[in-house]
Trainee: 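Mind having a look at this structure? Questions to follow.
One-based numbering, in listed order, for ligands and for the atoms of each. The shown structure was predicted, so the numbers you read here are calculated from the model rather than taken from an experiment.
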Amino acid sequence: MSKTWRPATRLVHEGTLRSQYGETSEAIYLTQGFVYENSAAAEARFKGETDGFIYARYGSPTNDMFEKRMIALEGAEDARATASGMAAVAAAILCQVKAGDHIVAARALFGSCRYIVETLAPKYGVECTLVDGRDLANWEAAIRPNTKVMFLESPTNPTLEVVDIAGVAKLANQIGAKVVVDNVFATPLFQKPLELGAHIVVYSATKHIDGQGRCLGGVILSDKQWIDENLHDYFRHTGPAMSPFNAWTLLKGLETLPLRVRQQTASAARIADFLADQPKVAKVIYPGRKDHPQADIIAKQMTGGSTLICIELKGGKEAAFAVQDALEVIKISNNLGDSKSLITHPATTTHKNLTDEARAELGISGGTLRLSCGIEDTDDLVDDLTRALATVSA
Ligand SMILES: Cc1ncc(COP(=O)(O)O)c(C=O)c1O
């Protein structure tokens with residue numbers, strides 16, 4: 001593929017392995033294994049003397065196409081496609097730590113990500129310190145000589161807080177730690193963590209990359225050396241591999257990613273401005289607005305806003321439930337990044353397992369709603385929200 005091709009072109013063509021039939025669309029290679037011409041060929045493949053696939057848990061042609069397309073988009077050297085976003089997060093963190101190591105993570109994490117660092121890693125003797133990731137001084141105060149991993153998502157789920165990725169990477173480099181960024185909310189189009197100095201990027205491909213509510217998937221991207229030395233064996237022997245069918249679905253998703261994300265972001269920007277003017281809305285947090293508390297960091301590290309909006313209603317949980325229940329176009333669902341607009345009440349769904357205190361620290365209250373804007377006509381979304389807000393008294 002031409003290195004000068006722009007992202008939208010590479011997202012349609014990069015990595016295609018066309019078979020002898022010359023198919024236009026990528027083929028789905030639904031196979032568990034691969035047949036060798038003879039014993040010597042099998043031996044050579046296992047020794048790594050010849051290229052080729054060995055077993056679908058290690059890698060397979062459709063997955064390879066998906067990984068190559070993601071590598072091109074992200075500017076990475078290598079990647080592994082995983083069965084879900086959580087498989088990617090777990091593998092990216094656990095493959096590189098051992099008992100006695102230490103992790104520093106932002107406390108504002110998706111619930112399952114927080115489980116990995118706060119509950120699971122300590123069971124294996126890996127300590128974790130959670131910090132308010134918005135202030136670099138907190139990261140600096142938490143690092144120790146044995147800190148191996150610094151983990152964050154930015155913008156965060158659901159309150160769209162932002163972490164200074166370049167700043168965290170600078171601190172990590174001083175002690176030889178690796179920065180893992182969950183880039184799901186920013187999308188690969190609007191934020192390039194590797195260019196900002198992060199070492200590993202993970203995605204839930206379930207979100208914008210599929211974007212059409214069909215299948216789960218994830219991906220881990222980094223430099224070749226880190227993958228060879230840390231992830232390669234872990235991935236082969238613990239088995240978080242993506243199904244080739246899902247890899248094919250996600251390849252199709254990548255083709256339309258820029259079109260969808262651009263439309264979703266344009267809608268979200270307009271809806272955020274609309275909501276900010278509504279008397280029943282206490283607060284709107286949107287990375288594209290000037291009043292975002294960390295607008296300066298956003299300007300430094302993101303090239304677009306977000307498909308997501310965090311809304312705080314004055315009337316608390318009662319108002320939040322009433323608004324959700326009155327919506328017709330926008331569906332109640334805890335997923336995000338979909339073509340369909342989706343809304344969720346984090347305190348009772350995605351973040352229900354946190355203590356009241358932890359939720360308060362993250363700014364999640366009874367009145368908080370997270371809206372993921374889809375590709376519907378923006379006017380219909382504004383009408384839907386107008387109608388729903390009219391049903392609450394305050
Ligand atoms: C920020 C973030 N990271 C990771 C995940 C996990 O992804 P998956 O559901 O594909 O396992 C999610 C899912 O909502 C998420 O929002």
Trainee: Closest non-hydrogen protein atom to atom 16 (O) of ligand 1, residue and atom name please, with distance?
Mentor: Asn157 ND2, 3.3 Å
Trainee: For atom 3 (N) of ligand 1, what is the nearest protein heavy atom, given as residue, atom name and distance?
Mentor: Asp182 OD2, 2.6 Å
Trainee: Give, for atom CG of Leu342 and atom OG of Ser333, the distance between the pair rounded to the nearest 0.5 Å.
Mentor: 4.5 Å
Trainee: For ligand 1, which atoms sit closer than 4.0 Å to a heavy atom of Thr206?
Mentor: 8 (P), 10 (O)
Trainee: Output the distance between atom CD (Gln324) and atom CD1 (Ile343), rounded to the nearest 0.5 Å.
Mentor: 5.5 Å
Trainee: Using the ring of each side chain (for Trp, its six-membered ring), is Tyr58 parallel, tilted or perpendicular to Tyr55, with breaks at 30° and 60°?
Mentor: perpendicular
Trainee: Please work out which of Cys113, Gly85, Ala83 has its closest non-hydrogen atom nearest to atom 8 (P) of ligand 1.
Mentor: Gly85
Trainee: Would you call Gln191 and Leu196 a side-chain contact if the rule is heavy atoms closer than 4.5 Å?
Mentor: yes
Trainee: What atoms of ligand 1 come within less than 4.0 Å of a heavy atom belonging to Ser84?
Mentor: 10 (O), 11 (O)
Trainee: Report the nearest protein non-hydrogen atom to atom 11 (O) of ligand 1: residue, atom name, distance rounded to 0.1 Å.
Mentor: Met86 N, 2.8 Å
Trainee: Is there a donor-acceptor pair closer than 3.5 Å between any side-chain N or O of Asn183 and the backbone N or O of Ala186?
Mentor: no
Trainee: How far is atom 9 (O) of ligand 1 from its nearest protein heavy atom, and which residue and atom name does that atom have?
Mentor: Lys207 NZ, 3.5 Å
